[in-house]
There are 2 protein chains.
Amino acid sequence: MDNDQVLFAKALADETRQEIMKHLCCVWLSVSDVVEKLDGRVNQPTVSHHLKKLEEAGLVYVREEGRFRYYSLNQKQLTMCCGLLVRQFAPDYAETVIPAEAIGVVKR
Amino acid sequence: MDNDQVLFAKALADETRQEIMKHLCCVWLSVSDVVEKLDGRVNQPTVSHHLKKLEEAGLVYVREEGRFRYYSLNQKQLTMCCGLLVRQFAPDYAETVIPAEAIGVVKR
DNA sequence: CTATTATATCGATATTTATCGATTTGTCAA
DNA sequence: TTGACAAATCGATAAATATCGATATAATAG
């Protein structure tokens with residue numbers, strides 16, 4: 001029903017979910033780890049719900065380990081989605097915001 | 001209540017609104033122009049509602065002219081928001097997706 | 001085996017939001 | 001000045017979604 005762009009935006013369109021994303025950036029956390037990070041503000045079923053949304057949008061990696069499920073932010077997916085948004089809605093800037101390796105960036 | 005990142009994501013988190021954004025990219029349209037572009041699928045109050053959301057997120061320019069209000073997509077704002085998202089949630093890619101002029105891009 | 005622990009799912013509820021018809025406000029044309 | 005038009009706002013409604021407690025499922029520890 002929703003296309004990928006909309007799915008991506010919806011995944012980001014919640015304060016709590018963005019906070020979870022921050023916690024999942026560069027590290028692997030289990031569901032209960034995330035619950036803990038949120039400091040009792042939301043509880044486990046809610047966190048599972050949010051993680052599912054992020055998973056559906058391809059924004060997290062998941063690793064199963066016994067009865068644990070570890071999540072980590074998929075930075076590449078996020079970057080690609082942002083890139084698509086810019087190409088679609090900001091063509092005048094698509095050339096200045098560049099997937100660097102695609103054109104061979106050289107810093108001066 | 002919502003911070004800017006969330007406000008931005010929410011503005012994009014609707015199919016109809018993204019379609020409106022497409023129509024507003026690089027051109028100025030009045031409200032009734034937009035209604036027309038949407039081909040009778042949504043009507044005027046709904047379009048006004050969506051345009052208000054986009055305006056609140058700073059994603060459109062507005063120009064008043066008599067009884068008309070013309071809207072156009074703010075590509076710069078969109079690009080900056082995407083850039084912030086990448087910096088915040090994809091630090092490993094913040095260097096590869098670059099505001100080119102900031103570092104002096106050279107194409108090969 | 002049994003108790004415990006981790007997480008997903010279910011059902012219910014409350015909030016948010018998209019949509020519309022009707023109305024209001026403001027501008028212009030005749 | 002009046003009638004027509006553009007667009008915002010209002011009130012109502014329906015759909016989507018965030019949240020929770022309770023339960024189910026599955027894996028482990030004892």
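In what follows, chains are A, B, ... by sequence order, proteins preceding strands, each numbered from 1.
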K.L.:
Are the side chain of B/Arg17 and the backbone N or O of B/Ala11 linked by a donor-acceptor pair below 3.5 Å?
P.N.:
yes
K.L.:
Check the phosphate of C/dT5 against A/Ser32, side-chain N and O only, distance under 4.0 Å to OP1 or OP2. Yes or no?
P.N.:
no
K.L.:
Tell me what A/Tyr70 touches on the nucleic acid: a base, only sugar-phosphate, or nothing, going by heavy atoms under 4.0 Å.
P.N.:
nothing
K.L.:
Do A/Leu73 and A/Leu29 land in one hydrophobic cluster if side-chain heavy atoms of ILVMFWY residues count as linked below 4.5 Å?
P.N.:
yes
K.L.:
OP1, OP2 of D/dA8 versus side-chain N and O of B/Arg69: anything below 4.0 Å?
P.N.:
yes
K.L.:
Is it the case that the side chain of B/Ser30 and the backbone of B/Tyr70 share a donor-acceptor pair, with hydrogens and angles ignored and the cut-off at 3.5 Å?
P.N.:
no
K.L.:
If you restrict it to nitrogen or oxygen atoms, what contacts under 3.5 Å exist between nucleotides 22-30 of chain D and the protein, and what is each distance?
P.N.:
none

K.L.:
Report yes if a side-chain nitrogen or oxygen of B/Asn43 is closer than 4.0 Å to either non-bridging phosphate oxygen (OP1 or OP2) of C/dG21; otherwise report no.
P.N.:
yes
K.L.:
Tell me, please, which residues at least two apart from B/Ser48 pass side chain to side chain contact (heavy atoms under 4.5 Å, CB included).
P.N.:
B/Val31, B/Gln44
K.L.:
Residues of residues 46-64 of chain A with any non-hydrogen atom less than 4.0 angstrom from an atom of DNA chain C: list those, numerically ordered, please.
P.N.:
A/Ser48, A/Lys52
K.L.:
So, OP1 or OP2 of C/dA18: does either fall under 4.0 Å of a side-chain N or O from B/Thr16?
P.N.:
no
K.L.:
Can you pull the salt bridge (charged side-chain N to carboxylate O under 4.0 Å, His left out) pairs that have at least one residue in residues 20-46 of chain A, sequence neighbours excluded?
P.N.:
A/Glu19-A/Arg41
K.L.:
Can you check whether B/Tyr71 has a side-chain N or O nearer than 4.0 Å to OP1 or OP2 of D/dA6?
P.N.:
no
K.L.:
Yes or no on side chain to side chain contact (heavy atoms under 4.5 Å, CB included) for B/Ile20 and B/Tyr71, after CA distance, side-chain angles and deciding distance?
P.N.:
CA-CA 10 Å; B/Ile20 291 175; B/Tyr71 291 86; over 6 Å; no
K.L.:
Which residues, if any, of residues 17-28 of chain A bring a heavy atom under 4.0 Å of DNA chain C?
P.N.:
none
K.L.:
Hey, what else clusters with A/Leu7 if you join Ile, Leu, Val, Met, Phe, Trp, Tyr whenever side-chain heavy atoms sit under 4.5 Å?
P.N.:
none
